[in-house]
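The structure appears below as structure tokens.
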Amino acid sequence: MHPLDNIIWQALTTRQTGFAESFGEARRFMPEVTLLGAFREPTPQGYESLAGLLSARGTIGVFLEQPYQPHTGWEFIAGAPLLQMVCENGSAPPSSHGDSGPELVQLGDADSPEMIELTALTKPGPFGKRTHELGTYLGIRQEGKLVAMAGERMKVPGWTEVSAVCTHPEHTGHGYARILMSEVMRRIRNRGETPFLHVREDNVRAIELYKRLGFSTRLRGHFVVLRKDASQEKL
């Protein structure tokens with residue numbers, strides 16, 4: 001198996017076990033970190049184990065190789081085709097903001113409310129109050145307000161995901177996403193790791209940026225959000 005196959009499972013069983021909750025053949029990140037979870041295989045046993053991680057009517061986000069097919073005990077909430085992209089050019093991108101560019105600030109616990117507000121507005125993907133603990137997150141502020149950010153989410157041996165790339169709609173057009181991503185990627189490369197990311201297949205503008213930064217598509221999958229329905233409350 002490639003390290004990036006079944007990526008959520010691999011992250012939660014290798015470098016990010018400290019953020020994992022487990023039940024049978026399933027794992028999930030602690031709910032306050034992110035809603036992502038996974039099973040070893042998408043079998044009835046896998047879905048049963050996934051249900052065991054959730055309270056009644058609980059929700060979880062999973063990555064699937066194939067489009068979701070209805071399963072007893074689950075309600076489909078949302079989903080979209082997803083591309084996994086990798087940047088294997090072998091070198092760290094140069095710092096692109098220079099002395100005259102915006103200041104990049106490292107974000108932490110005190111910034112979490114603003115990070116949640118920005119991601120709720122721009123919807124780059126699931127983001128919780130402790131997501132920033134998964135890796136380094138950098139931001140750009142204008143007049144004290146967080147207007148753009150990017151950081152690291154899932155990690156497996158040799159690979160780190162670039163994630164939560166977003167810019168406030170009133171501050172687009174300044175190249176903030178490129179600047180932030182270039183610095184996050186540089187730091188990943190300097191650790192001897194390879195950057196990768198996930199993006200909705202219909203997010204054409206973002207995909208064009210990622211290609212300019214050296215990313216190429218590795219695989220096409222599907223992101224779905226599922227709710228455990230009342231029939232499984234006994235689990």
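The structure displayed is predicted, hence computed values, not measured ones.
Here R205 pairs with nothing under the salt bridge (charged side-chain N to carboxylate O under 4.0 Å, His left out) rule; sequence neighbours left out. Scored by the side-chain hydrogen bond (donor to acceptor under 3.5 Å, both in side chains) test, N203 finds no partners at all (sequence neighbours excluded).
In this structure, the side chains of V62 and I8 stay at 4.5 Å or more apart for every pair of heavy atoms. Taking the side chain as every heavy atom from C-beta outward, L82 and H222 never approach each other to under 4.5 Å. R57 places a side-chain heavy atom less than 4.5 Å from the side chain of E75. Side-chain contact between E103 and I140 is absent, with no heavy atoms from C-beta onward closer than 4.5 Å. A heavy-atom distance below 4.5 Å is not found between the side chains of L138 and L107. In this structure, I60 and L36 have side chains that are not in contact, with every pair of non-hydrogen atoms separated by 4.5 Å or more. No side-chain heavy atom of F29 sits under 4.5 Å from any side-chain heavy atom of P126. Between L213 and C87 there is no side-chain heavy-atom pair separated by less than 4.5 Å.
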- Step by step, would you call L226 with T59 a side chain to side chain contact (heavy atoms under 4.5 Å, CB included)? CA-CA 5 Å; L226 302 175; T59 58; over 6 Å; no

- Item | From CA spacing to verdict: side chain to side chain contact (heavy atoms under 4.5 Å, CB included), L104, L180 | CA-CA 7 Å; L104 306 187; L180 287 161; 3.8 Å; yes

- Task: Walk me through it: do L4 and V86 pass the test side chain to side chain contact (heavy atoms under 4.5 Å, CB included)?
- Result: CA-CA 10 Å; L4 300 184; V86 298; 3.5 Å; yes

- Message: Using side chain to side chain contact (heavy atoms under 4.5 Å, CB included), reason through S112 and I116 one step at a time and then give a plain yes or no.
- Response: CA-CA 6 Å; S112 182; I116 292 173; 3.9 Å; yes

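E161 and H198 share a side-chain donor-acceptor pair at under 3.5 Å. Counting only N and O atoms by type, the side chains of S22 and R27 include a donor and acceptor under 3.5 Å apart. There is no side-chain donor-acceptor pair under 3.5 Å between T160 and E152.
Residue M30 holds its CE atom at 12.5 Å from OG1 of T131, rounded to the nearest 0.5 Å. With rounding to the nearest 0.5 Å, the separation of OG1 in T34 from CG in L134 is 7.5 Å. With values rounded to the nearest 0.5 angstrom, Q45 atom CD is found 5.5 Å from T43 atom OG1. Going from atom CG of N6 over to atom CZ of F39 covers 8.0 Å, rounded to the nearest 0.5 Å. With rounding to the nearest 0.5 Å, the separation of CD1 in I77 from CG in L35 is 11.0 Å. Here the CD-CD distance, from E133 to E32, works out to 8.0 Å after rounding to the nearest 0.5 Å.
Contact record, L209 with A177: CD2-CB, 3.8 Å, taken as the closest heavy-atom pair. In terms of heavy-atom proximity, P113 sits nearest to D109 at CD-O, 4.0 Å. Pairing each heavy atom of Y176 with each of P102, the nearest pair is CE2-CG, 3.9 Å. Looking at every heavy atom in both residues, W74 comes nearest to Y47 through CZ2-O, 3.4 Å. When all heavy atoms are compared, the tightest approach of P157 to R15 is N-CD, 3.5 Å. Here the closest heavy-atom approach between residue L197 and residue V162 is recorded as CB-O, 3.4 Å.
Salt bridge E193/R189: absent, no basic N to carboxylate O contact under 4.0 Å. A salt bridge links R186 and E183; the closest N-O separation between the charged side-chain nitrogens and carboxylate oxygens is under 4.0 Å. Using a 4.0 Å cut-off between charged side-chain N and carboxylate O, R141 and D111 make a salt bridge. Using a 4.0 Å cut-off between charged side-chain N and carboxylate O, E21 and R28 make a salt bridge.
Hydrophobic clustering, with ILVMFWY side chains joined whenever heavy atoms are under 4.5 angstrom apart, keeps M185 apart from M149. Following chains of ILVMFWY side-chain contacts shorter than 4.5 Å, one can reach V199 starting from F215, so the two form part of one hydrophobic cluster. V33 and F23 are assigned to two separate hydrophobic clusters, defined by single-linkage of ILVMFWY side chains at heavy-atom distances under 4.5 Å. Residues V184 and F196 do not share a hydrophobic cluster, defined by chaining ILVMFWY side chains whose heavy atoms lie under 4.5 Å apart. In terms of hydrophobic clustering, with Ile, Leu, Val, Met, Phe, Trp and Tyr side chains grouped at heavy-atom distances under 4.5 Å, F223 and M85 are assigned to different clusters.
Within the structure, every pair that satisfies the salt bridge (charged side-chain N to carboxylate O under 4.0 Å, His left out) test and touches residues 34-47, not counting sequence neighbours, is listed here: E25-R40.
Q84 contributes no side-chain N or O that, together with a main-chain N or O of T217, makes up a donor-acceptor pair within less than 3.5 Å. Side chain of K211 to main chain of E208: no donor-acceptor pair is present (N/O by atom type, distance under 3.5 Å, no hydrogens or angles). In this structure, T194 contributes its side chain and E88 its backbone to no donor-acceptor pair below 3.5 Å. With hydrogens and angles ignored, the 3.5 Å screen pairs a side-chain donor or acceptor of K228 with a backbone N or O of A51.
Taking the six-membered ring wherever Trp is involved, the centroid distance between the rings of H132 and Y137 does not fall below 6.0 Å.
The aromatic rings of H171 and H168 sit perpendicular to each other, their planes meeting at more than 60°, with 30° as the lower class boundary.
Within 6.0 Å of CD in E65 there are 12 or fewer heavy atoms belonging to other residues, nucleotides or ligands.
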